[in-house]
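Notes follow once the structure below has been shown.
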Amino acid sequence: MRMSKLFARTLREAPSEAEVVSHKLLIRAAYIRKLMAGVYSWLPLGWRTLRKVEAIIREEMDASGAQEVRLPIILPADPWKVTGRWETYGELMFKLKDRHEREMGLGPTHEEAVTPLVAGEFTSYRDLPVNLYQIEWKYRDEFRPRFGLLRVREFLMKDAYSFDRDEEGMRASYAAMVEAYRQIFGRCGLDYRVVEADPGQIGGDVNHEFMALAPIGEDEFVYCENCDYAADIEAATSRPPEPAADGELEPATKIQTPGRSTIQAVSELLGRPASALMKCILYDAGGRSVAVLIPGDREVNDDKVARAMWPAPVRLFEDEDFAARGFVKGYVGPQGLPADVTIIADHSVRAGRNWVTGANEVDHHVSGANVDRDFRVDRWEDVAQVRLGDPCPRCEGSLRLAKGIVVGHTYQLGTRYSKALKATFVDEDGTEQPYQMGCYGIGLPRTIAAVVEQANDEAGIKWPKALAPYDAVVIPTNMDVPEVVDAAERLYGELGSSGVEVVLDDREESAGVKFADADLIGYPLQVVVGKRGIQAGKVDLKVRATGARTEAPLDGAARSAKDLLGAAP
RNA sequence: CGGGCCGUGGCGCAGUUUGGUUAGCGCGCUUGACUGGGGGUCAAGAGGUCGGCGGUUCGAAUCCGCCCGGCCCGACCA
């Protein structure tokens, strides 16, 4: 490709709306252009990179034994109503009607389409397992598209669906997908972690997020400094502390704490650390009051409380709730709470005793409060937000915090969709069984953005070879010197015919402009042909990722270039 | 949707508070010259319904109302 013809006009400045580096660079380097909020056009450079990711995914999915299909983007509403997602997906789904007023939606994901498809074809246990995947555009009417390609309303997604006879088969299919994902993201050059994720409202199903490490990532997760434990912050647990050793129990004493309704205030008044205080946080779970106990220096993880009380909907107490149910905001304690209040204590409460906590009376706290003697605990649960430095649940290491971008998500669905959609096969014993399903997604634009977030510098993108739109650019620096132009043309031809995807920057631009664009666009290799070099029979080679520059003789420069490319990341 | 901010040539911005004649600047674009190893210099140009509609006024980018679009902060996800 000749740069003079390439549909790519780079920008010296990024649009003001671009906040994160991947967004700025992909716009500036002419990979994408915005059409409207969360919807982007893919320019030739961007499209080539997208196709490369697609090819990697296709290869690895095929290698895993999955079969590619192509499901419609426009979907009938009915199956979605059957599974309940027409409502629960709600406004996230683009919905429309045809001329006959039939309801349909644009596919945000395809369980409702693929499940009936399989159920109509593979009806015997002998047919299973089967794993179908597609790479297709998905539509989600996000509340807030942002960060360029990281959160968009139209995006290319690889989605796969496995169908197994039993749970064991499902787990095997799942493991195969996780392995395929490792291959895929490894080939994309991503620094990522496989993270245990929150099963959310769906239930206790196993699922993992593939988290590309990035400080601007919207998802926080913990990982062990020592072993391979990693989990989304919503799902993370830490090893419960050892129970407090037996020791003297102080008498429970009511103390005056006028105007001290916060942990910090009480801590300061009494001169005791926050960890010696016990918070008593109140929730409403479907009309029932729930008191959650946790040391004063820790935070409750609302998602964990919600999971503990599932399926009741859980919400934090609002100001009205306190008075209405006889609690004193700021002075709540577990002592003497009526039986209809469920008291949940985090495991970390076991580690302490002689707690200072609310006295359920304005301006008063209690000190020396102890489990069983002074208050009951109905359930011990893990409801604490994991913190930096907490002990790993799997080993002796401690946990660290990081942020990431979810580029892939794998899920053991079980029979959630097959049951709802009455998708069954006939098992060996002649009974009808719902499929054991798994689903597996990868967001391709987001993967590209994540790679750019990880591989860039002030000058631009530093693509790993596998994703770069072209392998190399040939830059003649002196367009008025025929020998330079000729040599560049010759090299361009040689590289092209030896299988290198190469661009010739044949524009009547100064060398500086060409260098800047080459760095910005991020070709893994730059081949510079200049007046001085030609006179000495040499060209210069620069590896973008490392910045390493070398000289090579003009004759055989194509060979040197290929060698350098072969060694490049 | 709730809260905050913003719409002025392709991009980045000034001008709006205090209404006033031809609406400016940088980048980019066109033509020419000089240049030519890190976004070079000079000269001459092109390009704007000031987001839209309505109102106030002798006069509106500027004041008022409604609408549209965008960005940031919260709940969702690949």
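None of the values given here were measured: they were computed from a predicted structure. Residue numbers start from 1 in every chain, and the chains themselves are labelled A, B, ... in the order their sequence lines are given, proteins ahead of strands.
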- Message: Over all strands shown, is A:Ile442 touching base, sugar-phosphate only, or nothing at heavy-atom distances under 4.0 angstrom?
- Response: nothing
- Task: Could you check whether the rings of A:Trp463 and A:Tyr31 sit parallel, tilted or perpendicular, using 30° and 60° as the cut-offs?
- Result: tilted
- Identify which nucleotide among B:G37, B:G74, B:A78 has an atom closest to any side-chain atom of A:His409, counting heavy atoms from C-beta outward. B:A78
- Query: Where does the angle between the aromatic ring planes of A:Tyr192 and A:Phe185 fall among parallel (under 30°), tilted (30 to 60°) and perpendicular (over 60°)?
  - Reply: tilted
- Task: Would you mind checking if A:Arg58 and A:Glu68 are paired as a salt bridge, meaning a charged N to carboxylate O distance below 4.0 Å?
- Result: yes
- Message: Categorize A:Ala14 for me: base, sugar-phosphate, or nothing, with a 4.0 angstrom heavy-atom threshold over every strand shown.
- Response: sugar-phosphate
- Query: Can a side chain N or O of A:Ser16 be found less than 4.0 Å away from OP1 or OP2 on B:G12?
  - Reply: yes
- At under 4.0 Å between heavy atoms, what does A:Glu142 touch on the DNA or RNA strands: base, sugar-phosphate, or nothing? base
- Whole-Å distance between B:G38 P and A:Asp517 CG? 15 Å
- Query: Hey, does A:Arg549 reach any base, or is it just sugar-phosphate, or nothing, if we go heavy atoms under 4.0 Å?
  - Reply: base
- Would you state whether a donor and an acceptor, one from the side chain of A:Arg28 and one from the base of B:G39, lie under 3.5 Å apart? yes
- Message: Set out, in order, the CA-CA distance, both residues' side-chain angles and the distance that settles side chain to side chain donor-acceptor pair (under 3.5 Å) for A:Tyr492 and A:Asp506, then state yes or no.
- Response: CA-CA 10 Å; A:Tyr492 170 60; A:Asp506 57 341; over 6 Å; no
- Item | Counterpart base for B:G9, defined by Watson-Crick or G-U wobble contacts under 3.5 Å | none
- What is the distance from CG of A:Asp505 to P of B:G39, rounded to the nearest Å? 15 Å
- Task: May I ask you to evaluate whether A:Lys34 reaches the phosphate of B:C71, defined as a side-chain N or O under 4.0 Å from OP1 or OP2?
- Result: yes
- Identified pairing partner of B:C34, criterion: Watson-Crick or G-U wobble below 3.5 Å: B:G40
- Quick note, A:Phe515 side chain, CB onward, closest among B:G38, B:G36, B:C72 is B:G38
- Query: Pick the nucleotide of RNA chain B nearest each of A:Leu149 and A:Phe143; which residue has the one closer to the 5' end?
  - Reply: A:Phe143
- Task: With heavy atoms under 4.0 Å as the rule, sort A:Val152 into base, sugar-phosphate or nothing.
- Result: base
- Message: Any base atoms under 4.0 Å from A:Ala516, or only sugar-phosphate, or nothing? Heavy atoms, all strands.
- Response: base
- What does A:Gly408 touch in the nucleic acid at a heavy-atom separation under 4.0 angstrom: a base, only the sugar-phosphate, or nothing? sugar-phosphate
- Side-chain donor-acceptor pair under 3.5 Å between A:Gln412 and A:Tyr174, yes or no? no
- Task: In whole angstrom, give the distance that lies between atom CD of A:Glu154 and atom P of B:C77.
- Result: 21 Å
- Query: Are OP1 or OP2 of B:C72 and a side-chain N or O of A:Arg146 less than 4.0 angstrom apart?
  - Reply: no
- What distance, rounded to whole Å, do you find between the two C1' atoms, one in B:C73 and one in B:U30? 44 Å
- Would you indicate which nucleotide in B:A75, B:G36, B:A78 comes nearest to any side-chain atom of A:Met479? B:G36
- Whole-Å C1' distance, B:U57 and B:G10: 35 Å
- For the side chain of A:Val513, starting at C-beta, report the closest nucleotide among B:G39, B:G37, B:C73. B:G39
- Once you apply the 3.5 Å cut-off to both distances, tell me the Watson-Crick or G-U wobble partner of B:A14, or none. none
- Item | Rounded interatomic separation in angstrom, taking CD from A:Gln134 and C1' from B:A78 | 14 Å
- Query: Centres of the A:Phe155 and A:Trp42 rings: under 6.0 Å?
  - Reply: no
- Side-chain donor or acceptor of A:Arg12 under 3.5 Å from a matching atom on the base of B:G10? no
- Side chains of A:Gln134 and A:Asp159: is there a donor and an acceptor less than 3.5 Å apart? yes
- Distance, rounded to the nearest Å, where A:Ile135 contributes CD1 and B:A78 contributes P: 17 Å
- Between A:Lys81 and A:Glu87, does at least one N-O distance fall below 4.0 Å, as a salt bridge requires? no
- Take atom C1' in B:A23 and the same atom in B:G59, then report the distance between them in whole Å. 16 Å
- Message: Checking contacts here: which listed nucleotide (B:G39, B:A78, B:A75) is nearest the side-chain heavy atoms of A:Arg140?
- Response: B:A78
- Item | Base-pairing assignment for B:G45 (Watson-Crick or G-U wobble, both under 3.5 Å) | B:C29
- Spacing between A:Lys514 atom NZ and B:G36 atom P, to the nearest angstrom: 14 Å
- Distance-only donor-acceptor test (3.5 Å): side chain A:Glu13, base B:G26: yes
- In the strands shown, is B:A23 matched to any nucleotide by a Watson-Crick or G-U wobble pair with both distances under 3.5 Å, and which? none
- Item | Aromatic stack A:Phe155/B:A78: centroid gap under 5.5 Å, interplanar angle under 30° | yes
- Note on the structure: A:Trp137 CH2 to B:A78 P, in whole Å, measures 17 Å
- Message: Once you apply a heavy-atom cut-off of 4.0 Å, does A:Val528 come out as touching a base, just sugar-phosphate, or nothing?
- Response: base
- The side chain of A:Ala37 lies closest to which of these nucleotides: B:C71, B:C11, B:C77? B:C71
- Sorted by position of nearest nucleotide on RNA chain B, 5' first, the leading residue of A:Ile534 and A:Arg446 is A:Ile534
- Pairwise C1' distance, B:C27 and B:G40 [rounded to whole Å]: 15 Å
- Query: Which nucleotide sits closest to the side chain of A:Pro15: B:G70, B:G37, B:G12?
  - Reply: B:G12
- Inter-nucleotide C1' distance (B:G9, B:C5), Å rounded: 24 Å
- Given the C1' atoms of B:A46 and B:G37, what is the spacing between them in whole Å? 33 Å
- Rounding to a whole Å, what distance do you find between A:Phe7:CZ and B:G10:C1'? 12 Å
- Query: Given the C1' atoms of B:U16 and B:U62, what is the spacing between them in whole Å?
  - Reply: 4 Å
- Query: What orientation do A:Tyr440 and A:Tyr181 show, parallel under 30°, tilted 30 to 60°, or perpendicular over 60°?
  - Reply: perpendicular
- Task: For B:A60 versus B:C64, give the span between their P atoms, rounded off to a whole number of Å.
- Result: 16 Å
- Message: Under a 3.5 Å cut-off for both contacts, is B:G59 paired Watson-Crick or G-U wobble with anything, and if yes, with which nucleotide?
- Response: none
- Message: Taking A:Lys514 first and then A:Asp519, would you say they form a salt bridge - that is, a charged N and a carboxylate O separated by under 4.0 Å?
- Response: no
- With a 4.0 Å cut-off on heavy atoms, is A:Arg9 in touch with a base, just the backbone sugar-phosphate, or nothing at all? nothing
- Query: What is the base-pairing partner of B:C1, counting Watson-Crick and G-U wobble geometry with both distances under 3.5 Å?
  - Reply: B:G74
